Each structure stands twice: as C-alpha cells, then as structure tokens.
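Here the structure is a predicted model, which means the values were calculated and not measured. These values consider heavy atoms only, across backbone and side chains, with no hydrogens, waters or symmetry-generated copies.
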Amino acid sequence: MTGTSKEQPGTAYLFGTIHTLPKGISWRTELLDQVVSESDELVIEVLGLEDRSNSAKIFSKLATSPDLPAVEARIAPALHDDLDRVLDKSNIPEIALNRMESWAAALSLASAQSSHLGLRSEEGVERKLVQQFTDAGKAIAGLETIEGQLGYFDKLPETDQREMLTTVIEDAGTSKNAFEKLFNAWYSGDIAELEKLTEGGILEKPEIREKILVARNRDWDNQLHARLQKPGTSLVAVGAAHLVGPDSVQLMLEKRGYKVEKIQ
C-alpha cells in the first residue's frame, strides 16, 4: 500500500499470518523474501510474546480473580462431560481453571488444544519473521501490548466471556478439522474461504466480533495511517482474520484514500 501524502509517503505490505503451525511447514516464497528484504521494519500484533515468563505473569494478573464460581457452573450442564474430556487432554488442573475468569479459561483451553494438535507458537509466522528481522538488525514494532491485547477479552461482559468458553468446549472435538480447513485456506490464499471461516465460532456473535476484531482493526488503521505519513517500508504481519471481510484493515485504509493493491 502506498500512502497518499505527497510529501513523504510510506509503503506497507500487509501479510496475513497464522500464529501457530506444526514444525516443518514451508510457507516462505520468493516474493515474501523480496518484501522482507525491501522492508525497513516489521510490524506485528504484539511484542514480547516470546518471553514466556513475562507473558505468563501478565496473563495471570489479568486472568485470575477471587471468589469465582467453578468453571462447570459457568457452562450448561449438558457440556460437563465435554469439559471433562477437554480437561483430560489439556493438562490444566480444574482447580486452576476455576480461578480464571471465563475469557482466560477459554483461551487456556484453546491453547491447550492447539498444543495437543502439535501446533507451536514458536513455529508461527510472526516468530520466524521476528527472528529474521532481528538477525538483519532491522526494527520491529508492535501494534498492541500484551496487556492491551488481553484487555480486549478482559473487558468483555461476563455473558460474552461465557459464550467464548462454551464455544471452545463445543468445538473441541472438531478442532483438528477446523485447523486443517484454516491452514489450507491460508496456504492456498483462498480469501473467500478465509472470510467464511473467520465468520464462524465466537466471531459469529456481532457484539463479540465488534469488541475483539473490528475495534482492534480500527485502532490498527489509525496507527498504520500515521506510519504511512512517514518515509519507509513496513512489513505488517498480523492474523489473517484481520485482513479479510468488510471490516478488514486494508479496506479501512482504502477508505482513507490509500491505494491498495493485492499481490498474489
């Protein structure tokens, strides 16, 4: 994308990513390597996630609260057996889950399911790009802090948080198939399928979608607009869900007057 400023317009390449991947997936292309070479900086969603100790401290600070009802009391009785099966595979003690707010319990169970499938954040696209830019001595910036990103979930009403928790438990049995569909759509660049997949699950609820996807896109739009007023080239690598559909970051930028060109 090229900025509209006639004085010193910048350029941003937007790259939709998958945050976790199995080991050994080859996703780089010659074109992507060229973009990396041309870019002065890498912009990702959150900086510092590779510091697991610090990330865990921040998560624990936001995620736990005293005197919460047991996690099984926050879901329908019909899901209790499903919860037990998810817990058996998660290696998360139920007593620990009971101390978590509902959004945090949902994210913890979802993360455990990803690990069970052999998916690793260190194999994710952002981690690999961060390492590449670090090795090249290039700048790396984040659109959000860890606290800020988790805060979007932490500020959800309890009804929405419980909806998240319910969805994670209900979808646990099909998580492998769901990831394969997502990966295949991402890997093949099937934008229509990606859009369809990111409209399901918890993002199917308009109120939740607004708070944890669309609101963040608007914030990123503002930040990228400011960046594009300055000279230089940025590679912006963010989750693919943010770059598809009518509320995508690039459409917001296009409405500002930026020239948006799809690179196949």
Side-chain angles (χ1 to χ4, degrees), residues 19-20 45-46 55-56 58-90 92-114 116 143-175 177-179 182 194-221 238-242 244-249 252:
H19 301 317
T20 59
E45 291 185 27
V46 182
S55 298
I58 295 171
F59 179 82
S60 179
K61 179 181 178 181
L62 291 173
T64 57
S65 292
D67 304 321
L68 291 171
V71 70
E72 68 174 16
R74 299 180 236 168
I75 60 174
L79 290 176
H80 287 178
D81 288 344
D82 293 322
L83 173 62
D84 289 340
R85 283 190 285 271
V86 173
L87 286 172
D88 287 342
K89 294 180 180 180
S90 71
I92 302 175
E94 187 170 357
I95 191 172
L97 213 62
N98 288 341
R99 296 181 62 247
M100 294 182 191
E101 296 176 16
S102 298
W103 68 267
L107 293 186
S108 296
L109 291 176
S111 177
Q113 290 171 34
S114 292
H116 185 72
L143 294 166
E144 299 171 343
T145 63
I146 299 174
E147 294 95 333
Q149 187 175 84
L150 293 178
Y152 283 101
F153 297 96
D154 190 41
K155 294 172 185 175
L156 287 173
E158 178 61 17
T159 52
D160 290 344
Q161 293 187 35
R162 293 191 182 190
E163 191 74 43
M164 282 182 62
L165 181 59
T166 294
T167 299
V168 168
I169 295 169
E170 288 179 336
D171 293 349
T174 59
S175 57
N177 183 55
F179 175 77
L182 176 63
L194 277 172
E195 181 175 354
K196 177 182 175 183
L197 292 172
T198 54
E199 288 175 346
I202 195 63
L203 292 179
E204 189 177 356
K205 313 295 180 183
E207 300 85 357
I208 300 177
R209 184 181 184 87
E210 164 62 29
K211 291 170 183 173
I212 67 174
L213 181 75
V214 182
R216 294 169 67 199
N217 286 358
R218 283 196 293 268
D219 178 50
W220 298 358
D221 165 50
V238 297
H242 297 278
V244 296
D247 300 309
S248 66
V249 174
M252 292 182 181

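Take Phe153 and apply the ring-ring contact (aromatic ring centres under 6.0 Å, His included) test, not counting sequence neighbours, and it matches no residue. Scored by the salt bridge (charged side-chain N to carboxylate O under 4.0 Å, His left out) test, Asp171 finds no partners at all (sequence neighbours excluded). In terms of the side-chain contact (heavy atoms from CB on, under 4.5 Å) criterion, residue partners of Arg85 (sequence neighbours excluded) are, by chain and number, Asp81, Asp82. Residues passing the side-chain contact (heavy atoms from CB on, under 4.5 Å) test with Val86 are Leu109, Gln113, Ala172, sequence neighbours excluded. Residues passing the salt bridge (charged side-chain N to carboxylate O under 4.0 Å, His left out) test with Glu45 are Arg216, sequence neighbours excluded. Residues forming a salt bridge (charged side-chain N to carboxylate O under 4.0 Å, His left out) with Asp221 (at least two apart in sequence, or on another chain): Arg256. Scanning for side-chain contact (heavy atoms from CB on, under 4.5 Å) contacts around Thr145 gives Glu147, with sequence neighbours left out. Partners of Asp247 by side-chain hydrogen bond (donor to acceptor under 3.5 Å, both in side chains), not counting sequence neighbours: none found. Scored by the salt bridge (charged side-chain N to carboxylate O under 4.0 Å, His left out) test, Glu158 finds Arg162 as partners (sequence neighbours excluded). Annotation: side-chain contact (heavy atoms from CB on, under 4.5 Å) contacts of Ala112 (sequence neighbours excluded): Ser90, Ile92.
For the atom pair CD (Gln149) and CG (Leu143), the distance works out to 10.0 Å, reported to the nearest 0.5 Å. Atom CD of residue Glu207 and atom CG of residue Asp160 lie 6.5 Å apart, to the nearest 0.5 angstrom. Annotation: the span from Ile58 atom CD1 to Leu62 atom CG amounts to 8.0 Å, rounded to 0.5 Å. Expressed to the nearest 0.5 Å, how far OG of Ser175 lies from NE2 of His116 amounts to 8.0 Å.
Considering every non-hydrogen atom in both Ala110 and Val168, the closest pair reads N-CG1, 3.9 Å.
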Pairs of donor and acceptor atoms involving the side chains of residues 64-74, under 3.5 Å and at least two apart or interchain, shall be tabulated with distances.
unit_1 : atom_1 : unit_2 : atom_2 : d
Thr64  : OG1    : Ser60  : O      : 2.8
Ser65  : OG     : Glu101 : OE2    : 2.6
Arg74  : NE     : Pro69  : O      : 3.0
Arg74  : NH1    : Met100 : O      : 2.8
Arg74  : NH1    : Ser102 : OG     : 3.1
Arg74  : NH2    : Pro69  : O      : 2.9
Arg74  : NH2    : Asn98  : O      : 3.1
Arg74  : NH2    : Met100 : O      : 3.1

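For the pair Leu165 and Ile75, the minimum side-chain heavy-atom distance is below 4.5 Å. Counting heavy atoms from C-beta on, the side chains of Arg218 and Glu210 come closer than 4.5 Å. With contacts defined as side-chain heavy-atom distances shorter than 4.5 Å, the pair Leu203/Ile212 qualifies. The shortest side-chain heavy-atom distance between Leu97 and Leu87 falls under the 4.5 Å cut-off. Put simply, the side chain of Leu194 reaches to within 4.5 Å of the side chain of Leu182, judged on heavy atoms.
Applying the 6.0 Å contact sphere to CZ of Arg209 captures more than 12 heavy atoms from other residues, nucleotides or ligands.
At least one donor-acceptor pair closer than 3.5 Å links the side chain of Gln161 to the backbone N or O of Leu156. The backbone N or O of Leu107 sits nowhere less than 3.5 Å from a side-chain atom of Ser111 that would complete a donor-acceptor pair.
Judged as a ring pair (Phe, Tyr, Trp, His ring centres under 6.0 Å), the pairs with a partner in residues 58-80 (not counting sequence neighbours) are, in order, Phe59-Trp103.
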